[in-house]
Amino acid sequence: MLKHGISKESILKTLTEKLKNDYQYDSGFILGSMCSYPQEFGKEIYVNYLDKNLGDPGLFPGTAAIEKELIDDLGSLYNGQNITGSITSGGSEANLIAMRVAKNLRPDIINPEIIVPASAHASFYKGEDLMNIKIRTASLSNYQLDLEHFESLINKNTCGVVGIAGSSSLGIVDPIKEIAELIEGKNIYFHIDAAFGGFVLPFLELLDYNVPVWDFRIKELNSITSDPHKMGLGIIPSGGFLIREPEDLIYYEIPYLAGGDFKHLSILGTRPDANVIAFWAILKHLGINGFKKIIKNCMENTNYLAKKLSDIEGIKLAAKPMMNLVGFTTEDGTSISIIDDELRKKNWMLGKFDEFNLIRIVVMPHVKKEHLSNFIDDLERITKHS
Ligand code: PLP
């Protein structure tokens, strides 16, 4: 640390220099990120509330009430009633909370297990490492959940099961209703990871896309992860954990808070609230119609990309896009890494899933048609020469 402070101007200059190698979403090259620029009005709101701490809600009852209102709004977006929860640091924290709750609700199980599809996010394996929970992985067949294998993994140690509504690799929605049927009456916790899909699927449904029922309309469902900082255009960090509150939900007791005794559901202690207030404002400002417009545009670009990709010789779409995620692989099974390496040399920032031999593009709001067209040109050139 410096002994004497330096001027603001000098710091700003140094920062510009240090950050110049960071990529910008509007460069047109970031096609693999699930985050984007936050919505403009949310940014204006955010800077006004940086002192708030939701870890001590008794000190900030107004802001705690805003979080509650936000959770209520999201609960109704997902067709639930009496939904509680927490805005989290992201989808990983929300998934970890779900695992913890699933385990705590079954103290009778000594060696608890949770079943996830092979498309599940790494956060579930982080949870396995952090908590005494074994993750059982159900295989996929042609990128879709193998329901028979899933069923075969259910046993007396199963405290929870997970379905994905918008997988990280392909945006696939698991057969949520069918999973619900498998666990009906078995006292098994059911969590849906809609970290990405949570701010896509409700609007696709309103736009008359064919969206299977995946939310609290399914009575066996206990909780949902849905992240504002992905397609919600909220400010990083903002995830969401929503739960149909069971009577015996165990909270963390934090006895020493200045604002008085409060209980936490989140894993974080001190946690930001400026992002929560900003997202509350974003939802109010955009409304359902604002989100519909954003999703409609992303889907138009998604369909354009999917069509262009399937026209390239040697390239094959991994699956028909269900949302604004497009995965492609090679027709002859050649390693996708070779293509990814060439694309990276040309600056393209994509998502690569080695286990499925696919490259995936996230058609976020910052991705424009001309970026996709430039990308297709480069991909065509690369595949011609390989
Ligand atoms: N779940 C899914 C389906 C995801 O795609 C991701 C991240 O991409 C996560 C969870 C983890 O979210 P975060 O990076 O916000 O912790």
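Position 1 is the first residue of the sequence; numbering continues from there. In each ligand, atom 1 is the first atom listed, and ligand 1 is the first ligand listed. It should be emphasised that the depicted structure is a prediction, and the values quoted were computed from it without experimental measurement. Atom set for the values below is all heavy atoms of this structure, side chains included, hydrogens, waters and symmetry mates excluded.
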**Item:** Within reach of ligand 1, part of S92 (heavy-atom separation under 4.0 Å)
**Value:**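 For S92, backbone and side-chain atoms both sit under 4.0 Å from ligand 1.
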**Prompt:** For ligand 1, does D227 get within less than 4.0 Å through its side chain, its backbone, both, or neither, judged by non-hydrogen atoms?
**Reply:**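 Near ligand 1, D227 shows its side chain, while the N, CA, C and O stay back.
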**Prompt:** Has ligand 1 got any nitrogen or oxygen that is less than 3.5 angstrom from a nitrogen or oxygen of H229?
**Reply:**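 Yes.
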Interatomic spacing from [atom1] in [X] to [atom2] in [Y] - rounded to 0.5 Å:
X    : Y    : atom1 : atom2 : result
I359 : D340 : CD1   : CG    : 4.5 Å
I267 : L96  : CD1   : CG    : 4.5 Å
S238 : Y46  : OG    : OH    : 8.0 Å

**Item:** Which residues share a side-chain contact (heavy atoms from CB on, under 4.5 Å) with L2, sequence neighbours left out
**Value:**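 Partners of L2 under the side-chain contact (heavy atoms from CB on, under 4.5 Å) test: I6.
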Closer than 4.0 Å to some heavy atom of [X] - which atoms of ligand 1 meet that?
X    : value
N95  : 1 (N), 10 (C)
G90  : 15 (O), 16 (O)
G166 : 3 (C)
M34  : 5 (O), 8 (O)
S168 : 2 (C), 3 (C), 4 (C), 5 (O)

**Prompt:** Short question: side chain of T158, backbone of G160 - any donor-acceptor pair under 3.5 Å?
**Reply:**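 Side chain of T158 to backbone of G160: no pair is present.
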**Asked** Same cluster or not: are I179 and I135 linked, directly or through other Ile, Leu, Val, Met, Phe, Trp or Tyr residues, by side-chain heavy atoms under 4.5 angstrom apart?
**Response**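 In one cluster with I179: I135, no.
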**Item:** The single option from R136, K156, K134 passing salt bridge (charged side-chain N to carboxylate O under 4.0 Å, His left out) against E113
**Value:**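 Result for salt bridge (charged side-chain N to carboxylate O under 4.0 Å, His left out) with E113: R136.
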**Prompt:** Nearest protein heavy-atom contact for atom 1 (N) of ligand 1: which residue, which atom, what distance?
**Reply:**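 Answer, as residue, atom name and distance: D193 OD2, 2.6 Å.
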**Request:** Tell me which protein heavy atom sits closest to atom 7 (C) of ligand 1, plus the residue, atom name and distance to 0.1 Å.
**Result:**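 Checking every protein heavy atom, the shortest distance to atom 7 (C) of ligand 1 gives K230 CE, 3.3 Å.
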**Asked** Is the Lys NZ or Arg CZ of K369 less than 6.0 Å from the centre of Y304's six-membered ring, within 45° of the axis?
**Response**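 That pair qualifies as a cation-pi contact.
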**Request:** Pick, from E93, K126, H121, the option with the minimum heavy-atom distance to atom 6 (C) of ligand 1.
**Result:**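 Comparing heavy atoms across E93, K126, H121, the nearest one to atom 6 (C) of ligand 1 lies in H121.
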